[in-house]
Amino acid sequence: MSVRVTQAYRFALDSTPAQQRDLLRHAGAARVALHWALARVKVVMDQRAAERSYGVTADQLTPAMSWTLPALRREWNQAKREVAPWWAQCSKEAYNTGLDALARGLGNWADSRKGRRAGRAVGFPRFRSKRRTTPSVRFTTGSIRVESDRKHVRLPRLGMIKLHESAGKLARRLEGGSARILSATVRRDGSRWFVAFTCEVQRAERSPVRPHGVVGVDVGVRHLAVLSTGELVANPRHLATATRRLRRLARAMSRKVGPDKRTGQRPSNRWQRARRGLSAAHRRVADLRRDGLHKITSRLAGDYGTVVVEDLHVAGMLRNRRLAKAISDCGFGEIRRQLAYKTSWSGGRLVVADRFYPSSKTCSGCGAVKPKLPLSARTYVCQHCGRSLDRDLNAAINLAQLVVAGSDPETVNGRGANRKTRPGGLVAVKRQPRTATAGKTGSVPPQGGTVDQELTHAH
Ligand SMILES: [Zn+2]
């Protein structure tokens, strides 16, 4: 038995300077196509708005422009000889990259306006600054290959590019017929180029080590995560060092002569060098964080049949400036995203507790709920039963007990929030697993014991 999933494989490239120029040219071509089409769309929209204000009837209006990718491509192909006489220098996939981004942006904007899209309002697509956008280009057709030496990739028009690392993992799947490349995206991250293959992969169906095991995960600021088993997962070791380095490099850069729009000052070579150093340090922090997150989520998904997390309103919390740095540092949203796909690959499930479930304010021993709990209170002390334990551990145990209590909330994949866990009802049933014997409530998983152990230990 196997499951078919869409999976990405990302490899660093060792591209030559000539190849890098070629890649930049393709990324620039994508921007040109996007800007041309966006300008066209705006002109037609403004024209129609003006005509309407003059009282032109609907059938007399300038015809609306179709925003679908095929329509935009048709328009581009008719205009490209005039707009970009050099168009033949780049793969058609470059222009397609830009037009696809625009088609999706316009679609999201329209959906958002008509209320067909969840989340915050999506703005109208904007022109992109040459300096600020990450250069990238996506290939969906043509010869996209990993060479048999596993050290090179072949892309349309760009030809053979050396890889910085072995692509053995993907190559073995491709040779064995359990993976198929759907597209390849090349993008620059800092000063290095990467290729990401989006693949359709047949993965062997697996089951977690403890299929009935339940673990609650509280994602925190002080620790990467606190598990209901009492385990504290520390932040990656070198993260603090890297952060200190980051501060030092930023300070060094601020002392050098940077660009100034008002005076027309061009950045000095030393400033440019300092900036490269800073961006490398930023990338290192991001790499360390990603590595730590992948390790913990892989372990959780591989070990436990059910992983329970909180539905944190990450976007909302990031708007709080004071918390933003600490939160984005731990990758709250990223942990959830990784757990969602990893549990589905490992045959487990991810349960997301309702956003309003008071996991921190509830006592994991007696179920009493505190009306208030300041963020500064690191220890949870219950006024009812006198229980005292670490705040994050208390929250993690509460999360695990959501499932242990037998109120089987729905499995959640991806973005859908589970609405079945209601704080009121759950607080009432939560005491049951402790009073009932494990044999009686057949649904209590072995972890019930672990949780109890932790409880007695904490007292
Ligand atoms: Zn209590």
key: Asp287 bridged to Arg290 by N-O distance under 4.0 Å   = yes
key: For Ala250 against Leu278, the heavy-atom pair lying closest together   = N-CD1, 3.8 Å
task = Start with the C-alpha gap between Tyr357 and Leu402, add the side-chain angles, then the distance that decides, and say whether side chain to side chain contact (heavy atoms under 4.5 Å, CB included) holds.
result = CA-CA 10 Å; Tyr357 172 63; Leu402 272 180; 3.9 Å; yes
key: Contacts of type ring-ring contact (aromatic ring centres under 6.0 Å, His included), residue His35, not counting sequence neighbours   = Phe127
task = Kindly check if the number of other-residue, nucleotide or ligand heavy atoms within 6.0 Å of CZ (Arg284) is above 12?
result = no
inquiry  = Taking Arg138's backbone N and O only, do any of them form a donor-acceptor pair with Thr97's side chain (distance below 3.5 Å, no angle check)?
reply    = yes
key: Residue pair Leu13 / Leu163, side-chain heavy-atom distance below 4.5 Å   = yes
inquiry  = Nearest 0.5 angstrom please: Asp303 CG to Arg210 CZ, how far?
reply    = 7.0 Å
ask   = Do NZ/NE/NH1/NH2 and the carboxylate oxygens of Asp111 and Arg117 come within less than 4.0 Å?
value = no
query = Without hydrogens or angle criteria, can the side chains of Ser2 and Glu205 be said to hold a donor-acceptor pair below 3.5 Å?
reply = no
inquiry  = Let's go through Leu393 and Tyr380 carefully: what are the C-alpha distance in whole Å and the side-chain angles of both, what is the deciding distance for side chain to side chain contact (heavy atoms under 4.5 Å, CB included) to 0.1 Å, and is it a yes or a no?
reply    = CA-CA 9 Å; Leu393 176 59; Tyr380 185 95; over 6 Å; no
Listed partners of Tyr341 passing ring-ring contact (aromatic ring centres under 6.0 Å, His included), at least two apart = Trp345
message = So which atom in Cys199 and which in Tyr9 form the shortest heavy-atom distance, rounded to 0.1 Å?
response = SG-CD1, 3.9 Å
task = Report yes or no: do Ser166 and Lys151 form a side-chain donor-acceptor pair below 3.5 Å?
result = no
query = Should the pair Asp100-Arg104 be classified as a salt bridge under the 4.0 Å nitrogen-to-oxygen rule?
reply = yes
query = With a 3.5 Å cut-off and no angle check, do the side chains of Ser346 and Arg206 form a donor-acceptor pair?
reply = no
query = Are the side chains of Thr379 and Val381 in touch, meaning some heavy atoms are under 4.5 Å apart?
reply = yes
message = Is it true that, when you exclude Arg275 itself, more than 12 heavy atoms of the residues, nucleotides or ligands shown sit nearer than 6.0 Å to its CZ?
response = no
query = Hey, does the side chain of Arg31 reach the backbone of Arg128 with a donor-acceptor pair shorter than 3.5 angstrom?
reply = yes
task = Report yes if some heavy atom in the side chain of Leu224 is under 4.5 Å from a heavy atom in the side chain of Leu293; otherwise report no.
result = yes
task = Provide the closest heavy-atom pair for Leu34 versus Leu102 in the form atom of the first, atom of the second, distance.
result = O-CD2, 4.0 Å
query = Heavy-atom distance under 4.5 Å between the side chains of Leu155 and Ile144, does that happen here?
reply = yes
query = If you draw a 6.0 Å radius around CZ in Arg245, do more than 12 non-hydrogen atoms from other residues or ligands fall strictly inside?
reply = no
inquiry  = Using side chain to side chain contact (heavy atoms under 4.5 Å, CB included), reason through Val137 and Tyr95 one step at a time and then give a plain yes or no.
reply    = CA-CA 9 Å; Val137 58; Tyr95 311 108; over 6 Å; no
key: Check: Ser15 main-chain N/O paired with Gln20 side-chain donor or acceptor under 3.5 Å   = yes
remark   = Sorted by chain and number, sequence neighbours left out, ring-ring contact (aromatic ring centres under 6.0 Å, His included) with Trp67 holds for Trp109
ask   = Which one of Val309, Leu227, Thr343 satisfies the side chain to side chain contact (heavy atoms under 4.5 Å, CB included) criterion with Leu300?
value = Leu227
key: Validation row: His26, Arg157 side chains within 4.5 angstrom (heavy atoms)   = yes
query = Can you list the steps and then say if Glu175 with Arg173 is a salt bridge (Lys or Arg N to Asp or Glu O under 4.0 Å)?
reply = CA-CA 5 Å; Glu175 285 156 18; Arg173 278 202 177 273; over 6 Å; no
ask   = For the atom pair CG (Leu350) and OG1 (Thr306), what is the distance rounded to the nearest 0.5 Å?
value = 9.5 Å
key: Flag, side chain of Ser228 to backbone of Gly216, donor-acceptor distance under 3.5 Å   = yes
remark   = Heavy-atom nearest pair, Pro156 first then Phe139, reads O-CE2, 3.6 Å
inquiry  = Taking NE2 in His294 as the centre, count heavy atoms belonging to other residues, nucleotides or ligands within less than 6.0 Å. Is the count above 12?
reply    = yes
message = Just by distance, no angles: are the side chains of Thr362 and Asn398 close enough, under 3.5 Å, to form a donor-acceptor pair?
response = no
request  = I would like to know whether Phe197 and Leu170 meet side chain to side chain contact (heavy atoms under 4.5 Å, CB included); could you show each step before the answer?
outcome  = CA-CA 9 Å; Phe197 294 102; Leu170 173 59; 3.6 Å; yes
key: Closest non-hydrogen atom pair, Ala33 against Leu99   = O-CD2, 3.7 Å
note = NE2 of His152 to CD of Glu147, rounded to nearest 0.5 Å, is 8.0 Å
ask   = salt bridge (Lys or Arg N to Asp or Glu O under 4.0 Å): which pairs involve residues 186-200, sequence neighbours left out?
value = Arg10-Asp189, Asp14-Arg192, Arg180-Glu200
ask   = Given side chains that start at C-beta, do those of Cys366 and Cys382 come closer than 4.5 Å, heavy atoms only?
value = yes
query = If you look only at pairs with a residue in residues 361-379, which of them pass as a salt bridge (Lys or Arg N to Asp or Glu O under 4.0 Å), with sequence neighbours excluded?
reply = Arg378-Asp392
query = Under 3.5 Å, side chain of Asp218 to main-chain N/O of Val226, donor-acceptor pair present?
reply = no
query = Can you tell if the side chain of Phe11 reaches within under 4.5 Å of the side chain of Val153, non-hydrogen atoms only?
reply = no
request  = Please answer whether the main-chain N or O of Ala377 pairs with a side-chain N or O of Arg391 as donor and acceptor at a distance below 3.5 Å.
outcome  = yes
message = Can you tell me how far apart CD1 (Ile181) and OG1 (Thr198) are? Round to the nearest 0.5 Å.
response = 9.5 Å
key: Main-chain N/O of Glu93 paired with Ser91 side-chain donor or acceptor, under 3.5 Å   = yes
task = Just do the salt bridge (Lys or Arg N to Asp or Glu O under 4.0 Å) check on Glu165 and Arg150 with the steps written out, would you?
result = CA-CA 9 Å; Glu165 50 197 327; Arg150 297 169 183 190; over 6 Å; no
task = Would you confirm whether Ser112, through its side chain, and Val122, through its main-chain N or O, come within 3.5 Å as a donor-acceptor pair?
result = yes
request  = Say whether Ser364 and Arg387, considering side chains only, have a donor N or O and an acceptor N or O under 3.5 Å apart.
outcome  = yes
query = Roughly how far apart are Leu246 CG and Thr241 OG1, rounded to 0.5 Å?
reply = 12.0 Å
query = Taking only residues two or more places apart in sequence, or in another chain, which ones meet Trp271 in a ring-ring contact (aromatic ring centres under 6.0 Å, His included)?
reply = none
key: Pair Gln338, Thr297: side-chain N/O donor-acceptor within cut-off below 3.5 Å   = yes
Minimal non-hydrogen separation, Asn394 against Cys363, with atom names = OD1-C, 3.9 Å
message = Once rounded to the nearest 0.5 Å, what's the spacing between atom CD of Glu310 and atom OG of Ser360?
response = 5.5 Å
